[in-house]
Number of protein chains: 2
Amino acid sequence: MSEGARQQQKKQTRGRILDAAGRLMADGRGLDSLGLREVAREAGLAATSLYNHFPDMEALGLALIDRACFHLRSSMAEGRRSMIEVGAARAVRELVARFVRFQQDYENEFRLLVQQRLGRRSSYRRRIHGELQLMVNELAEDVREAVAAQDRPPVPAQREAEAAIAVMFGLGIAMLDVSPARRRELADNAGDQVEIIALGGRCWAAGDRL
Amino acid sequence: MSEGARQQQKKQTRGRILDAAGRLMADGRGLDSLGLREVAREAGLAATSLYNHFPDMEALGLALIDRACFHLRSSMAEGRRSMIEVGAARAVRELVARFVRFQQDYENEFRLLVQQRLGRRSSYRRRIHGELQLMVNELAEDVREAVAAQDRPPVPAQREAEAAIAVMFGLGIAMLDVSPARRRELADNAGDQVEIIALGGRCWAAGDRL
DNA sequence: TGTACATCAGTGAACGCGCGTTCACTGATGTAC
DNA sequence: TGTACATCAGTGAACGCGCGTTCACTGATGTAC
């Protein structure tokens, strides 16, 4: 408490560094292509100052990934509770809409997550993999609750969640390079795909097989 | 024809360069981290010799991507014709199996495609995007043919194909970091997911909605 | 409240290194007469 | 068939540049008495 001023200043500088890195990734650049000096320059600092905030470049990258995971998580959590009551059809569309909003509000961070999911550093991969696993599990839980609330027979919620998340990430990637009109079209298609998945889950639950 | 020896030698050297680059990517490294000198050294050439085969590093990368696309395409084409007769249940499993085989036989190339699908160079992105689009279209065509051959009502084949490919790429990515036993488990799950998608397509075709 | 000391965010020089690309070259292969 | 010339895959030196990290430092902020 008494050391406030210095600590606060430090936290602020740390934020400036992360913001600077984020800005540099804005034009389609990947984390791997960011240089220490470049980030420092953008943040208005001497290159060596970064070492007062991150032990090395890997730690800086991990901080950026953590931030992206936080945004993903909070975007997807938004209005999650209300999903159970609105009925399956609307719930599916709103799920996709939430993901699209995240992709648009944090496009760089979305790209960061997808890129580093297969990146060179296993610390990055593990962090992202864990986050996606949580996302799948939470979605599966929501599906189970919603189905139970409607007194329907239990569906293969885990598989549905996995497929839906795969579809949405595919959507996010496809949306990166195209016009807004085409984006809407892609999002509608993805909505249909998730609906097909949910329908398929019901059939599966009823014992149907191919 | 008469200039054969020299041309043939050149083609062979070009192959050696691509092989060398492929070998260097074997330990989880990305295309972006490959250096000109490094590739040349691995290929047993002077660094500058690479310029006799590729105008710049971008062209080398594109050649690697082309090769990967070719392998993806031929892997997925393999046995494609027989899919119509075996019935939907087996066809779905074999589809996933073909993709898994590609992912295992050409793991580096699979990684290359997924990574560069969001890479910095738009030439790479376009190339890969076009290939995936073809893949989706061919799968959708197969689905339509198979459904027609069984006198079923037409399903939303394009949406099913998009969703199935998204699921399979998700599978391929998830398989990269895990044990063989876990890989089989993931592949089974993905098979279930694609089956759910196909079931959902039938419901959709019958006019069902959520 | 005033003073002496400790902490530590930020600095600038320096380290060795590999980057992609250019250039003028060498010498084997191919071509024309 | 022999000879003179053209082509061109491969070479080694050199270009300017930024990389991540280390180090000893400065000076403002915080702490203890």
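Residue numbers start from 1 in every chain, and the chains themselves are labelled A, B, ... in the order their sequence lines are given, proteins ahead of strands.
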A.B. asks: Could you give me the CA-CA distance, side-chain angles and deciding distance for A/Gln115 and B/Gln115, then say whether side chain to side chain donor-acceptor pair (under 3.5 Å) is met?
C.D. replies: CA-CA 6 Å; A/Gln115 283 172 341; B/Gln115 282 171 342; over 6 Å; no
A.B. asks: Without decimals, in angstroms, what is the distance between A/Glu42 CD and D/dG18 C1'?
C.D. replies: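 One finds 17 Å between C1' of D/dG18 and CD of A/Glu42, rounded.
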A.B. asks: So what does the secondary structure string of DNA chain C come out as, 5' to 3', with Watson-Crick or wobble pairs under 3.5 angstrom, [ ] for crossing and | for pairs with another strand?
C.D. replies: .||||||||||||||||||||||||||||||||
A.B. asks: What do the steps show when you test B/Gln104 against B/Arg101 for side chain to side chain contact (heavy atoms under 4.5 Å, CB included), and what is the final call?
C.D. replies: CA-CA 5 Å; B/Gln104 291 187 338; B/Arg101 206 169 312 121; 5.9 Å; no
A.B. asks: Are B/Phe169 and A/Phe169 close enough, and set up right, to give a ring-ring contact (aromatic ring centres under 6.0 Å, His included), and what steps lead you there?
C.D. replies: CA-CA 10 Å; B/Phe169 270 81; A/Phe169 270 81; over 10 Å; no
A.B. asks: Among the nucleotides C/dT21, D/dT21, C/dT7, which one has an atom lying closest to any side-chain atom of B/Arg37?
C.D. replies: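 Looking only at side-chain atoms, B/Arg37 lies closest to C/dT21.
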A.B. asks: Identify, between B/Thr13 and A/Glu58, the residue whose nearest nucleotide on DNA chain D lies closer to the 5' end.
C.D. replies: B/Thr13
A.B. asks: How many whole angstroms separate atom CG of A/Asp56 from atom C1' of D/dT22?
C.D. replies: 14 Å
A.B. asks: Applying side chain to side chain contact (heavy atoms under 4.5 Å, CB included), run through A/Leu34 and A/Leu60 and close with a yes or a no.
C.D. replies: CA-CA 11 Å; A/Leu34 292 191; A/Leu60 202 172; over 6 Å; no
A.B. asks: For the pair made of NZ in A/Lys10 and C1' in C/dT7, what is the distance, rounded to whole Å?
C.D. replies: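 Roughly 11 Å, once rounded to whole Å.
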A.B. asks: Taking DNA chain C as the partner, which of residues 14-34 of chain B come within under 4.0 angstrom of it by heavy atom?
C.D. replies: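 Residues of residues 14-34 of chain B that come under 4.0 Å of DNA chain C are, in numerical order, B/Leu34.
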A.B. asks: Which residues, if any, of residues 43-53 of chain B bring a heavy atom under 4.0 Å of DNA chain C?
C.D. replies: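 Here the set is B/Thr48, B/Tyr51.
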A.B. asks: What is the distance from CE of A/Met57 to C1' of D/dC19, rounded to the nearest Å?
C.D. replies: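 Taking CE of A/Met57 and C1' of D/dC19, I get 10 Å after rounding.
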A.B. asks: Quick one: side-chain contact (heavy atoms from CB on, under 4.5 Å) partners of A/Ser49, sequence neighbours excluded?
C.D. replies: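 Expected list: A/Leu45, A/Ala46.
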A.B. asks: Write down the distance between CD (A/Gln8) and P (C/dA9), rounded to a whole number of angstrom.
C.D. replies: 14 Å
A.B. asks: Judged by modelled atom types alone, do A/Arg144 and A/Gln158 share a side-chain donor-acceptor pair under 3.5 Å?
C.D. replies: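 On atom types as modelled, these side chains qualify, holding a pair under 3.5 Å.
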A.B. asks: For residues 117-125 of chain A, which residues have at least one heavy atom under 4.0 Å from DNA chain C?
C.D. replies: none
A.B. asks: Considering only D/dA28, C/dG20, C/dT29, which nucleotide approaches the side chain of B/Arg6 most closely?
C.D. replies: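 Of all the options, the side chain of B/Arg6 is nearest to C/dT29.
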A.B. asks: From CG of A/Leu36 over to P of D/dT22, roughly how many Å is that when rounded to an integer?
C.D. replies: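 The answer, rounded to whole Å, is 11 Å.
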A.B. asks: Can you see whether B/Phe54 has B/Arg14 sitting over its ring - NZ or CZ less than 6.0 Å from the centre and within 45° of the normal?
C.D. replies: no
A.B. asks: What residues form a side-chain contact (heavy atoms from CB on, under 4.5 Å) with A/Glu94, not counting sequence neighbours?
C.D. replies: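 Once residues adjacent in sequence are excluded, the partners of A/Glu94 under the side-chain contact (heavy atoms from CB on, under 4.5 Å) criterion are A/Met83, A/Arg90.
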A.B. asks: Any non-hydrogen side-chain atom of A/Met175 less than 4.5 Å from a side-chain atom of A/Glu107?
C.D. replies: no
A.B. asks: Using side-chain heavy atoms (C-beta onward) and a distance below 4.5 Å, is A/Met168 in contact with A/Leu95?
C.D. replies: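 In short, these two side chains touch, coming nearer than 4.5 Å.
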A.B. asks: Measure up the A/Tyr106 and A/His71 rings against each other and bin them: parallel (under 30°), tilted (30 to 60°), perpendicular (over 60°).
C.D. replies: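 Answer is parallel, since the angle falls under 30°.
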A.B. asks: Does A/Gln9 reach the side chain of A/Arg6, with side-chain heavy atoms less than 4.5 Å apart?
C.D. replies: no
A.B. asks: In whole Å, what is the span from the CD atom of A/Glu38 to the P atom of D/dG18?
C.D. replies: 10 Å
A.B. asks: Is B/Arg80 paired with B/Glu145 through a side-chain N to carboxylate O contact shorter than 4.0 Å?
C.D. replies: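 The answer is no: the pair does not qualify as a salt bridge.
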A.B. asks: What is the separation between atom CD on A/Gln7 and atom C1' on D/dT31, rounded to the nearest whole Å?
C.D. replies: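 Going from A/Gln7 (CD) to D/dT31 (C1'), I get 14 Å.
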